[in-house]
Number of protein chains: 2
Amino acid sequence: MASSVTIRDVARLAKVSVATVSRALNGHDNVTEGVRRRVLAVAHELRYSPHHAARSLSSRRTHTIGVVLPDLHGEFFSELMRGIDLVARECGLHLLVSSYHGHPEEQASALRAMRGRVDGLLVMSPHAGDLDFLSENLAALPAVLINSQPTDTDQIAFGIDNYGGARAMVEHLLAAGHRRIAFVAGPPNNFDAYERLRGYRDALLAADASAEPWVVPGDFGEASGHAAGQALLAAAQRPQAVFAANDMMALGCLFAFSQAGVRVPDEIALAGFDDIPLARYVMPSLTTMRVNIAELGAHAMRVLLDVYAGQDVRARLVPLVPELIVRESSEPKAARGASGRE
Amino acid sequence: MASSVTIRDVARLAKVSVATVSRALNGHDNVTEGVRRRVLAVAHELRYSPHHAARSLSSRRTHTIGVVLPDLHGEFFSELMRGIDLVARECGLHLLVSSYHGHPEEQASALRAMRGRVDGLLVMSPHAGDLDFLSENLAALPAVLINSQPTDTDQIAFGIDNYGGARAMVEHLLAAGHRRIAFVAGPPNNFDAYERLRGYRDALLAADASAEPWVVPGDFGEASGHAAGQALLAAAQRPQAVFAANDMMALGCLFAFSQAGVRVPDEIALAGFDDIPLARYVMPSLTTMRVNIAELGAHAMRVLLDVYAGQDVRARLVPLVPELIVRESSEPKAARGASGRE
DNA sequence: CTGAAAGCGCTTACAG
DNA sequence: CTGAAAGCGCTTACAG
């Protein structure tokens, strides 16, 4: 593969020193306009592009942010990356992405491998108890934790108010007159899932201290929602409303109900969490909590940049509050009729 | 942020030269076992992690693959990244991700910025005509193009057989007895969309040279499918079958049909392309072409690694053939009954 | 098997 | 404003 052109080649052809080339290319102001133009012309002609490793070795900056996620798959990470990427390109930064597929050991090595490659780190670690070695391996890099269980370390963390969102949803279902509200849980050991479950429980008990939470297991996948929906229909006494910990599982429930000929919301009300694009398109459309995931990523990125710049960001770590989106799947009977959908 | 520990610190404490530390850490065999152990112990104790920029500057390898995509958003890219990532971690490689959001100028700069940061490049460039400057900016890096329009340059390219897949689907619909088959197209200027459209046209005309292709515009988004579905219902003579260029648009159509009370497949058969997870869950379940997107990414990555290793890969550039998945939305009347769904 | 030294391609005080 | 030189933290022939 053709030998690359270096700063020395540019210097030679432009008849200046490499130092001057460096200054001209980096936009320093201590270069005569004529010289700068000559250098830029030669650089362009040679298709010169600075060697990144060399530059970051001497400048101690990489212009790259490391993103360490549990996985790269699915709507959530896709949206998160979009938000992060948006801010990154605004700032001319690159993204080094690494996912550890749920293996904490790999997470540690992923973090360590970031040394000398990134200026800062965005880390999502939803698995309970990960954070001990996490802080050990964060090395000396500025880092922001996303949707991760807080610990007593003074790590900077930012996330979604899953707890408050779940409470709001249960309150909505209660207000619609439902009492027997079942919850389809997310994967055990997942912090988001845990917070949503906690919100469900607390809201239920706050309304009626003798209420009995009814929790069906799930794993955030549509198939587990489908199974949960079937299990709920088979119960001796069916729930009046089902609140799934995310939309994919809610859709799984919905299809289980459709297959069984159980009408939503007439016989069972249904609600999810996340507001994925399809939520508004299914029949009936799905009531859910809208989470601006891209904004979650974008905000975390902005906070990280300010941490890097040495600013105090603590005031900006307030969790992102999800928004209740009421659609057909939870409409109280009184409200239904010839009205259109959202 | 705390000064990092370098190879010199390890050398000093282990009482050897930096060269020996380097050899011990990199697993070279010209190091005594005792010395190696001592070095490793000190490195571990100091939490030493090699500085990547320095290493790649001197070794001329980055252990990183650059991935340049039009976008990071949505099921397709998410799956693609998963496949790429899978192979990357098998090989201990990192991924530098960059998306150019449809702006060719940014694509060029993204490509150039990869110099000195990556050992090879995976590039997806579905926009027609992008490839001229693409090859100019690929510099001297090994690269594999994914799902991109081939040019006369001898770039290594690999993709899905969208054309063949679309033909197969139309043939299926024809075999089911449908004649008036409408097509909901993807975005203009998108190579995947163009190939699917071409397959639709050719299959239709191959069966009946006097057939008139019926193409409704779309952009791969569910909303455009919804609009297309409504437009098709409003036609003087409705189509007997609708083939959408991807599943999201097919789902949009499906909901438009449901809202209008038009039964699928009894009144209109429907088919999509991609086999997204939801395709099997909607009612009726959706006939589609299954594309193993993760495998597309994984295979492209493997090819790239072999290109890097200097192997001849031309024999492995055969497009990935999608698989026809027949579900309820296109079942011929005769076949319907008490049978379960897939 | 081990060490001293050169070099990877840049940036940045330091002089002038 | 410009250049010569040191240095960023590694790896790798080259000697021994």
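Computed from a predicted model, the values in this text were never measured in an experiment. Labels below follow one simple rule: chain letters A, B, ... track the order of the sequence lines, proteins then strands, and each chain is numbered from 1.
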Euclidean distance, [Y] [atom2] relative to [X] [atom1], rounded to 0.5 Å:
X	Y	atom1	atom2	value
B:R36	B:H28	CZ	NE2	9.5 Å
B:N147	B:L80	CG	CG	8.0 Å
A:I146	A:I84	CD1	CD1	4.5 Å

Phosphate-side-chain proximity, [X] and [N], N/O vs OP1/OP2 below 4.0 Å:
X	N	result
B:T32	C:dT2	yes
B:R60	C:dG9	yes
B:T20	C:dG3	yes
A:R55	C:dG9	no

Could you work out which one of [options] sits closest to the side chain of [X]?
X	options	value
B:S58	D:dT11, C:dG3, C:dT2	D:dT11
A:N26	C:dT11, C:dT2, D:dG3	C:dT11
B:A19	D:dG9, C:dG3, C:dT12	C:dG3
B:T6	C:dT11, C:dG9, D:dG9	D:dG9
A:P50	D:dC8, C:dC10, C:dT12	C:dC10
A:H51	D:dT2, D:dT11, C:dG9	C:dG9

Rounded distance (Å) that lies between atom [atom2] of [N] and atom [atom1] of [X]:
X	N	atom1	atom2	answer
A:R8	D:dA5	CZ	C1'	13 Å
A:R12	C:dG9	CZ	C1'	14 Å
A:R23	C:dG9	CZ	P	20 Å
A:H63	C:dC10	NE2	P	14 Å
A:D29	D:dT2	CG	C1'	14 Å
B:Y48	D:dG9	OH	C1'	7 Å
A:N30	C:dA15	CG	C1'	14 Å
B:L57	C:dA6	CG	C1'	13 Å

pair_partner(C:dA4), Watson-Crick or wobble, both distances < 3.5 Å, evaluates to none
Any strand, both distances under 3.5 Å, Watson-Crick or G-U wobble: C:dA13 pairs with none
Would the distance check show the side chain of A:R38 and the main-chain N or O of A:A14 forming a donor-acceptor pair, the cut-off being under 3.5 Å? yes
Let me spell it out: for each of A:S59 and B:S17, pick the nucleotide of DNA chain C with the closest heavy atom. Which residue's pick is nearer the 5' end? B:S17
Crowding at OH, A:Y48 (>12 non-hydrogen neighbours, <6.0 Å): yes
Any heavy-atom pair between the side chains of A:V123 and A:V144 that's under 4.5 Å? no
